[in-house]
Amino acid sequence: MTFEELLVAANGGKDRRPGQWTPAACKVWREAEPEDARLLEAAWAWELAHDRRAQMKDEVAVRERRRAMDEATAAAKAE
């Protein structure tokens with residue numbers, strides 16, 4: 001799934017506040033490949049930090065957020 005497809009599906013064509021888990025977003029997260037599910041989690045984390053919904057132009061920043069989340073998870077597991 002591309003980043004754009006992920007956002008479109010998770011938004012479900014409805015208004016959603018930044019970081020809000022709507023029924024459509026939850027469905028996409030549950031049915032997505034693990035990599036896509038983690039990217040959606042990162043998109044919502046990015047949205048909460050920036051107080052706006054992620055857009056296509058934010059893909060690089062969202063992927064950087066996911067990388068940082070993965071690093072934090074790995075560091076916590078290593079302790």
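Small disclaimer: the values here were computed from a predicted structure and weren't measured.
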Nearest heavy atoms of Gly12 and Ala24, plus distance in Å: CA-CB, 3.9 Å
Lys/Arg N to Asp/Glu carboxylate O, Glu35 vs Arg66, below 4.0 Å: yes
Shortest non-hydrogen contact between Thr22 and Ala10, atoms and distance: OG1-O, 3.5 Å
Transitive ILVMFWY side-chain link Leu40 to Val8, under 4.5 Å: no
Gap separating the CG atom of Leu7 from the CG atom of Asp58, nearest 0.5 angstrom: 8.5 Å
For Glu47, the option from Arg52, Arg16, Arg65 that meets side chain to side chain donor-acceptor pair (under 3.5 Å): Arg16
Glu64 side chain to Trp46 side chain, donor-acceptor N/O pair below 3.5 angstrom: no
Over 12 foreign heavy atoms within 6.0 Å of CD, Glu33: no
Donor-acceptor contact present, side-chain Glu5 to main-chain Thr2, <3.5 Å: yes
Residue pair Glu59 / Val62, side-chain heavy-atom distance below 4.5 Å: no
Partner set under side-chain hydrogen bond (donor to acceptor under 3.5 Å, both in side chains) for Trp44, not counting sequence neighbours: none
Linked, directly or transitively: Met1 and Val60 (ILVMFWY side chains, under 4.5 Å): no
Pairwise side-chain contact, Trp29 with Leu6, heavy-atom cut-off 4.5 Å (strictly under): no
Under the side-chain hydrogen bond (donor to acceptor under 3.5 Å, both in side chains) test, residues paired with Gln20 that sit two or more places apart: none
Between CZ on residue Arg63 and CG on residue Asp70, distance to nearest 0.5 Å: 11.5 Å
